[in-house]
Structure formats: C-alpha cells, structure tokens
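Contents: one structure, followed by commentary.
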There are 2 protein chains.
Amino acid sequence: MATDSMTLKGSLADRDSWDATDECSIARALDVVGTHSAMMLIREGYYGSHRFDDLARRAGITEAIAAKRLRELVDAGLFCKRPYREPGQRTRDEYVLTERGRDLFPALVSLMSWGDRYLSDRQGPPIQLIHSGCGAPLQASVRCAAGHEVAMYEATAEISPQRRARSETRKSLSRG
Amino acid sequence: MATDSMTLKGSLADRDSWDATDECSIARALDVVGTHSAMMLIREGYYGSHRFDDLARRAGITEAIAAKRLRELVDAGLFCKRPYREPGQRTRDEYVLTERGRDLFPALVSLMSWGDRYLSDRQGPPIQLIHSGCGAPLQASVRCAAGHEVAMYEATAEISPQRRARSETRKSLSRG
DNA sequence: CTGTATCCCAGCGGATACTG
DNA sequence: CAGTATCCGCTGGGATACAG
C-alpha cells in the first residue's frame with residue numbers, strides 16, 4: 001500500500017497501547033518545554049536576551065508568567081542564573097542557557113523551518129537563520145550516526161529490549 | 001563575555017519588543033502542533049497508525065480530544081482522510097500524514113533525542129530510531145545549505161529586509 | 001468502529017496592582 | 001530592575017454517555 005512508505009518501519013503499529021506520558025521521550029520533553037511561554041523564552045535565550053524584563057517583553061509574555069516559567073526552566077536545568085553587574089549598579093542576576101537548553105536548538109530550528117515553509121504570509125519568513133561562517137541558510141535534518149540523511153520512511157523504530165520485556169510481563173500480568 | 005558565545009549573532013538582542021504571535025514561525029508552528037495531543041497523534045502517524053481508535057488509544061488521549069484534534073490537523077493539512085476497506089467490511093476513513101505532516105519529522109526527532117538524553121530513567125530511552133538502511137541510530141542536526149554542521153553559537157539571525165522596514169515605520173509612527 | 005455531546009477540572013496566560 | 005500577588009477568562013483534556 002502506498003501509505004506504508006509514509007510510516008516508520010517496525011512493530012510499533014501493532015502494539016495494543018502505549019504509556020504515552022511515562023515512556024515517550026517526546027511527551028517527556030513536552031512536559032518541560034511544551035508551553036508557549038517556555039518556547040518563547042528559550043528562543044529569546046538563543047537570540048541573546050539575558051535579563052528578566054528583556055526576556056519577558058521580547059517573548060511577549062507577562063512578567064508573572066515569565067517569572068513562573070523561568071523558575072521552572074532553571075529547576076529543569078535549561079537556564080541558570082548568573083550574577084552580573086553593570087558599572088555603578090548593584091549586582092543582579094541574569095538568565096543564561098545551559099547546555100541542556102542549547103541542545104534544544106535543533107528542535108527550535110525544525111519548528112521555525114516548518115513554520116517558514118507552511119505558515120508564512122506574503123512577506124516571507126520573518127527571521128532568517130544563517131551560518132555565520134559561510135552565510136548559507138540553516139535547515140534541520142535527520143541523519144544517522146553514519147552520516148546519511150534519513151527521511152521518515154527510511155527510519156525504523158525499535159522498542160528497547162528492557163522495555164519490551166517489561167511490556168510482555170505486563171501483558172501476561174493483565175491477562176492473568 | 002563567555003555568554004556571548006552561547007547566543008546567536010545578530011541584532012535581535014537589541015530590539016525593543018517583538019510581535020511574537022504574528023511574526024515568529026516558531027510561535028505559528030506551535031499554534032498548530034503545540035498541544036500534547038497533536039504531537040502524540042503525529043507521532044502515531046509516524047509509527048504507522050491510521051485508524052481513529054488506534055490513533056486515540058496509542059496516543060493516550062480520549063476519543064473526544066482525538067476527534068477534535070484530528071479535525072484541526074486535517075484542516076491544517078497535516079493529515080488527510082482516505083477511504084479504505086477491509087475485505088467484507090464497509091468503507092471507512094483512515095488518517096494519513098501529508099507531506100506537511102511528514103515534514104515535522106526533524107522536530108519530533110529533535111524532541112525525542114533531547115528527551116532521551118536528559119529525561120530518561122535508568123532503563124534508558126524507551127524507543128530507538130535507526131536508519132533502516134544501515135542500522136545506525138538517528139539524530140537531528142542543524143546544517144547550512146552548504147552542508148556544514150552548525151552549532152547554535154555559529155548561527156546568525158537576520159530580520160528579513162521587508163520586516164525591518166515595517167518595523168522602522170512602526171517605530172517612528174509610535175514615536176510620532 | 002468512528003465518532004459526538006456534555007460536564008468538569010486543572011493549567012496557561014493576560015491584566016493590574018504592589019514590593020524590594 | 002526584578003519580581004510577587006490576585007483575579008479572571010480560555011482552552012486542553014479526562015470521563016461518561018450517546019449515535020450512526
């Protein structure tokens with residue numbers, strides 16, 4: 001069937017159910033950064049905002065939400081607070097992305113590219129990301145460790161052995 | 001400052017504000033696929049589910065939410081409905097990802113990799129994605145059109161010329 | 001099997017006012 | 001500048017019951 005070439009290979013389509021919240025890394029990731037405000041704050045982190053009111057204003061959210069979300073993101077280890085001082089001013093804290101936060105870069109770029117491609121108005125993409133070194137535009141891609149670019153239908157999904165074992169156990173338990 | 005190497009280059013950190021909802025492709029994308037249920041349904045589309053109750057059950061959401069979200073995703077062009085029939089059964093509709101939906105693959109893989117890396121429990125990642133051709137694990141990366149892998153701090157963000165012009169106009173208008 | 005309708009709750013997020 | 005506190009509306013999403 002034609003639609004088969006549009007899905008991952010593997011046994012996932014045959015399974016009975018799925019503990020979505022607990023056992024899917026996408027779901028877990030969304031529990032941390034799945035809100036609009038979290039994504040906008042991380043975006044501003046990439047764009048170079050560090051101070052509370054800059055982050056809030058440029059992310060387009062209220063200070064109340066910004067404070068709450070930043071506290072969560074600091075707890076989750078995506079931002080850290082660093083003391084800084086401007087000449088003649090008292091010491092304040094700034095919010096800096098950690099490696100954990102910076103590692104979301106491909107996710108944000110993917111979403112941006114997708115939005116650029118499918119949701120732009122006549123003016124075209126609002127922001128262009130380019131490689132500072134060579135000036136070429138950025139795009140997110142999926143590759144394997146061997147370096148091949150991998151389309152969705154060239155991917156296989158495998159349940160990890162331990163999980164599969166646990167899943168079997170659970171099955172027989174619920175059968176018994 | 002050390003933190004400078006952790007941000008994009010460009011003028012975005014200097015701007016006054018930002019019409020986040022209207023002019024950011026990340027925000028626009030999130031308006032379409034930013035909900036938990038939308039992401040889980042798309043994930044199941046990748047995993048090979050097509051039928052309504054499979055999608056709902058495996059996504060871990062109620063049928064009510066599944067119906068509502070699928071209608072929105074069909075309207076937004078990420079899924080399409082296709083008639084199918086099993087031998088001896090009446091014709092039904094199945095939900096198939098469109099190119100628009102499949103193009104979100106890098107975003108989902110990015111989130112999954114990030115979750116695998118930072119949010120896995122002791123059992124390790126629940127699902128492993130591999131390249132069907134060579135068996136190597138998948139990872140999402142950001143590259144430029146010239147093929148260089150680009151880290152976050154090697155990227156530059158540029159406001160598109162038209163937008164910049166409009167932004168200037170708006171500034172002087174609000175000043176006047 | 002593929003949904004729809006209704007009720008309900010929790011959380012996100014805006015607005016506003018207030019504090020160190 | 002960097003938040004906190006309060007109030008309130010909207011929506012996501014679960015549960016349950018019903019329908020073609």
Side-chain angles (χ1 to χ4, degrees), chain A residues 16-22 24 27 30-44 49-76 79-96, chain B residues 16-22 24 27 30-44 49-76 79-96:
Chain A
D16 270 354
S17 71
W18 183 252
D19 193 337
T21 320
D22 252 30
C24 169
L30 289 176
D31 284 343
V32 179
V33 297
T35 61
H36 188 85
S37 52
M39 289 287 198
M40 296 301 96
L41 287 168
I42 293 165
R43 181 196 71 189
E44 289 309 319
S49 297
H50 299 296
R51 283 143 71 160
F52 178 82
D53 76 323
D54 285 339
L55 284 165
R57 187 166 34 82
R58 290 172 185 159
I61 60 181
T62 63
E63 284 124 355
I65 298 294
K68 182 179 174 188
R69 200 63 60 220
L70 281 170
R71 201 181 320 124
E72 292 173 6
L73 290 172
V74 167
D75 287 349
F79 279 94
C80 63
K81 293 175 78 162
R82 276 191 199 290
Y84 77 101
R85 87 181 306 161
E86 287 182 356
Q89 303 281 332
R90 68 173 175 83
T91 301
R92 301 180 189 282
D93 276 330
E94 61 178 1
Y95 293 88
V96 180
Chain B
D16 270 354
S17 71
W18 182 253
D19 193 337
T21 321
D22 251 30
C24 169
L30 290 175
D31 285 342
V32 179
V33 298
T35 60
H36 188 85
S37 52
M39 290 286 199
M40 296 301 97
L41 287 168
I42 294 165
R43 181 197 71 189
E44 289 308 320
S49 298
H50 298 297
R51 283 145 69 163
F52 178 82
D53 77 321
D54 285 340
L55 285 165
R57 187 167 33 85
R58 291 173 184 156
I61 60 180
T62 63
E63 284 126 355
I65 298 293
K68 182 181 174 187
R69 201 64 61 221
L70 281 170
R71 201 183 319 126
E72 292 172 7
L73 291 173
V74 167
D75 287 348
F79 280 95
C80 63
K81 293 174 79 162
R82 276 191 198 289
Y84 77 100
R85 88 180 306 162
E86 287 183 355
Q89 303 281 333
R90 68 172 175 81
T91 301
R92 300 179 190 284
D93 276 330
E94 62 178 0
Y95 293 87
V96 181

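Reminder, nothing fancy here: chain letters follow the sequence lines and each chain counts from 1.
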Interatomic spacing from OG in Ser49(B) to CZ in Arg43(B) - rounded to 0.5 Å:
9.0 Å

Pairwise distance NE2(His50(A)) to CZ(Phe79(A)) - rounded to 0.5 angstrom:
9.5 Å

Span of DNA chain C in contact with chain A (heavy atoms, under 4.0 Å):
dC12(C) to dG20(C)

State which residues pass side chain to side chain donor-acceptor pair (under 3.5 Å) with Arg51(A); sequence neighbours excluded, sorted by chain then number.
Tyr84(A), Glu86(A)

For Ala64(B), all residues meeting side chain to side chain contact (heavy atoms under 4.5 Å, CB included), sequence neighbours excluded:
Thr62(B)

The criterion is side chain to side chain contact (heavy atoms under 4.5 Å, CB included); which residues satisfy it with Lys81(A), sequence neighbours excluded?
Val74(A), Asp93(A), Tyr95(A)

Would Leu55(A) and Ile61(A) count as a side chain to side chain contact (heavy atoms under 4.5 Å, CB included) if you check the C-alpha gap in whole Å, the side-chain angles of each, and the deciding distance to 0.1 Å?
CA-CA 9 Å; Leu55(A) 284 165; Ile61(A) 60 181; over 6 Å; no

Dump the intermediate steps for side chain to side chain contact (heavy atoms under 4.5 Å, CB included) on Leu70(A) and Phe52(A), then the final yes or no.
CA-CA 9 Å; Leu70(A) 281 170; Phe52(A) 178 82; 3.8 Å; yes

Hey, is the side chain of Tyr84(A) poking within less than 4.0 Å of OP1 or OP2 on dA2(D), counting only N and O atoms?
yes

Atom CD of Glu94(A) and atom C1' of dA2(D) are separated, to the nearest Å, by 14 Å

Under the rule of Watson-Crick or G-U wobble with both distances under 3.5 Å, where | means paired to another strand and [ ] a crossing pair, DNA chain C maps to ||||||||||||||||||||

Tell me the closest heavy-atom pair linking Leu41(A) and Ala59(A), and the distance in Å.
CD2-CB, 4.1 Å

Given side chains that start at C-beta, do those of Met40(A) and Leu30(B) come closer than 4.5 Å, heavy atoms only?
yes

Are any of the side-chain heavy atoms of Leu73(B) and Arg69(B) separated by less than 4.5 Å?
yes

Any chance you could list the contact pattern along nucleotides 12-19 of chain D? Use B for base contacts, S for sugar-phosphate-only contacts and - for none, protein heavy atoms under 4.0 Å, 5' to 3'.
SBSB----

